[in-house]
Chemist: 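Got a structure here, written out as C-alpha cells. Questions coming.
Below, read A as the first sequence line, B as the second, and so on, with proteins coming before strands; counting in each chain starts at 1. Just so it is clear, the model here is predicted, and its values are computed rather than measured.
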Amino acid sequence: MSLFNRAIRPPPTLSDEAIERYLAALHDASEPDPLFRRRLRSDVVNQFVAAREGIGRPVRIGIGRRQMGRVGRACLYASFTLGVSAASVMAASQEALPGEALYPLKQRIEELRWDILPGQLHGELAAYALGERIEEMARLADAGQLDLAIAMAPAIDREYERLVALGQTDDEARAARIERHLLVLEGLLDKLPANAQAAVENVIERTPGLGQGADAGSNPGNAGGPGPAAGGTGSGPEATVKPTSTPKPDATPKPDPTPRPEPTVRPTPTPRTDPAGRPERPPRGPSSAPSGSSD
Amino acid sequence: MRERPLSATLRPTFVDGDLRTRPAPSSLADDATVDELAVAATTGDIEAVGRLYDALVGPIYRYVAVRVRRREDAEDLTHLVFERIFGALPRYKHNGRPFAAWAFRIARNAVIDHQRRLRPTEQLGSIAEPADGIGLEALSLHGEEIRELQAAIRQLTPDQQEAIALRYAVGLSAEEAARVMGRRAGTIRGLTFRAIEALRRRLTEDARR
C-alpha cells in the first residue's frame, strides 16, 4: 500500500477549491480589530481637523512608538533617569553651604552660567552671586559655624568688587537688592567675632549710601539692619533705594583695600547725569528717610 | 480561480472613478464613490474624511497584514499609511486615476520601507515560523490553515506576495492591482498564476507531512 502505491501514483495536489478556500480564509482573517479601527478613525479625523484649522500636527502615536527596540528603550530610560538625577543634584546643590559636598558643584554652576550667558546678563549674575555669598554667610552664622562664616568675608568682598567693576550698582533695582544684602550683613555683625566683623564692615563701608549711613550712625553694629529698614517703612520703598544710586562726583577709579572714610565707587561706564535736574540725594541711613520720600 | 472583484470588496462605484460634480461637500450621497469622497475631503468636509476612511481602512489593513508578520506591525503601518494619505489629501488633485490606487501606492511604499528596515535583522529560517497574528484568534477553526498559508506566502517572491495580497486579501482585479504595482495587467495575471502554483505545491507538501 504505502511505498509501492506512493511511488506509482502521482502526488495528490490541492484542488482549486481548496486553494480558494485558503485564500478566502486569508481575506476573512485579515480584518482589522474593531477597536483599532475606531481608534484610528478618531485619530485620522482629529488630525485632519487639526491640520485644517492650522493647529498643527498632533503627536504621532503610530509606527514610531513601537519601532524602538529594547536597547533604544533602555537608552531612553537611562538617559531620562540620568537627566532627572542630574537635575535633582543640581537643584540640591543650590542650597549647599561651604564645607558641604555639593558646594563645589554650586560654584561650578555659577561659573558655567557666567561663561554661557551673554555679557549684558553678567551684572545680574554678579548681583545674584553676591546675594548668595551673603546668604551663605548668614546661614553659616546662624548655624554657629563661625569659622566658615568668617571665611566667607573675602568671597563677599570679591563678589562686590566684581559687581562694582561691571558698573551695575547704578540700577535702582540692583541697588535695592544689594542694599538688602548689606542689611543682612549689618545684622550679622552682632553674631560674628571681631575679625569677621572687620571684614564685613569693610564691605559695608565701601558700599555707597549704606557705608555713609553706617558712618553717620557711627556704630554699624548697633545700627545694623533695623535702621534703614525702619526708615524705609516710614517713607516708602524709594527711601531705601534711591540713595544708593546717587552719583558720586568724588568717586575714585580704583578702590583702596583699606577702609576709607569716604565711600569709593568706581566710575560707572556711563556716568549719569540726572535728567530731571534733581538735586543730589542725601546719603542713605536712618535719617535719610524723609528726604528720600520727598523725591 | 474565482476573482474577487474590487466592487464586491469596497463599493460598487469604487473602480469606475467617474467624478460627478457636486456643489457642496455636505450634499454627499450615501452611495458616493471613493473618488467623490476624496474630492469632498480635499475641501475640508469632515464627513467625507470619515467615510473615506471607512471605505479604505479594511482593504488597506488587509493588504498590509498579508505583507507583514505581526499584527502590531500591520496596525502601525496602517496608521502610518492613513497619516500619509490624509496628510497629503489637501494637495491631492483628481486627474482621472482612482483615488484608491493612489492610496494603495502609499501603502505599498510604506510596506516596502518597513521590510527594508527589517531585512538586516531578519534571521534565516524565520520565514517558516508560524506568524503570530492576523486575526488568528478570530478564526480558531482555521488557525492552522491560516498559518500554513501565511508561511507559504512568505516563501513567495516579493512581487508574487504583493500580487496575492492585492488580488485576494484586498480583492482588486488584475487591472487595479496593476495600477497599484505599476505593472501591466498581464504581468499581474502571470504573477498571480505562478504564486498560486507555488502555494499549491507548498500547501500540498504540508498536507502530506
Chemist: Excluding sequence neighbours, so at least two apart, what forms side-chain hydrogen bond (donor to acceptor under 3.5 Å, both in side chains) with B:Tyr53?
Modeler: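 Expected list: none.
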
Chemist: Would you check if B:His79 and A:Val44 make a side-chain contact, meaning some heavy-atom pair closer than 4.5 Å?
Modeler: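 Of all side-chain heavy-atom pairs linking A:Val44 with B:His79, none is under 4.5 Å.
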
Chemist: Parallel, tilted or perpendicular: which describes the rings of A:Phe48 and B:Phe86, with under 30° parallel and over 60° perpendicular?
Modeler: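 Geometry flag for B:Phe86 against A:Phe48: perpendicular rings.
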
Chemist: Side chains of B:Leu149 and A:Leu23: closer than 4.5 Å at any heavy-atom pair?
Modeler: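 When only atoms from C-beta onward are counted, A:Leu23 and B:Leu149 do touch, with a gap below 4.5 Å.
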
Chemist: Indicate yes or no: at least one non-hydrogen side-chain atom of A:Asp43 is less than 4.5 angstrom from one of B:Phe82.
Modeler: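 Of all side-chain heavy-atom pairs linking B:Phe82 with A:Asp43, none is under 4.5 Å.
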
Chemist: What residues form a side-chain hydrogen bond (donor to acceptor under 3.5 Å, both in side chains) with A:Asp142, not counting sequence neighbours?
Modeler: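 Counting only residues at least two positions away or on another chain, A:Asp142 forms a side-chain hydrogen bond (donor to acceptor under 3.5 Å, both in side chains) with A:Lys191.
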
Chemist: Kindly give the heavy-atom pair with the smallest separation between B:Ala65 and A:Ser30, and that separation in Å.
Modeler: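 Closest approach of B:Ala65 to A:Ser30: CB-CB, 4.1 Å.
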
Chemist: Tell me the closest heavy-atom pair linking B:Arg200 and A:Ile19, and the distance in Å.
Modeler: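 Minimum heavy-atom separation between B:Arg200 and A:Ile19: CA-CD1, 3.8 Å.
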
Chemist: Is B:Ile153 close to chain A through its backbone or its side chain, or both, or neither, when contacts mean heavy atoms under 4.5 Å?
Modeler: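 B:Ile153 touches chain A through side-chain heavy atoms alone.
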
Chemist: What closest approach, in Å, do A:Val49 and B:Ile46 show between heavy atoms, and which atom pair accounts for it?
Modeler: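 So the minimum-distance heavy-atom pair works out to CG2-CD1, 3.3 Å.
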
Chemist: Looking at B:Arg51 and A:Arg41, what are the two nearest heavy atoms and their distance?
Modeler: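 Scanning both residues, the minimum pair turns out to be N-NH2, 3.9 Å.
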
Chemist: In Å, rounded to the nearest 0.5 Å, how long is the span from CD of B:Glu75 to CG of A:Leu40?
Modeler: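 So the CD of B:Glu75 and the CG of A:Leu40 are separated by 9.0 Å.
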
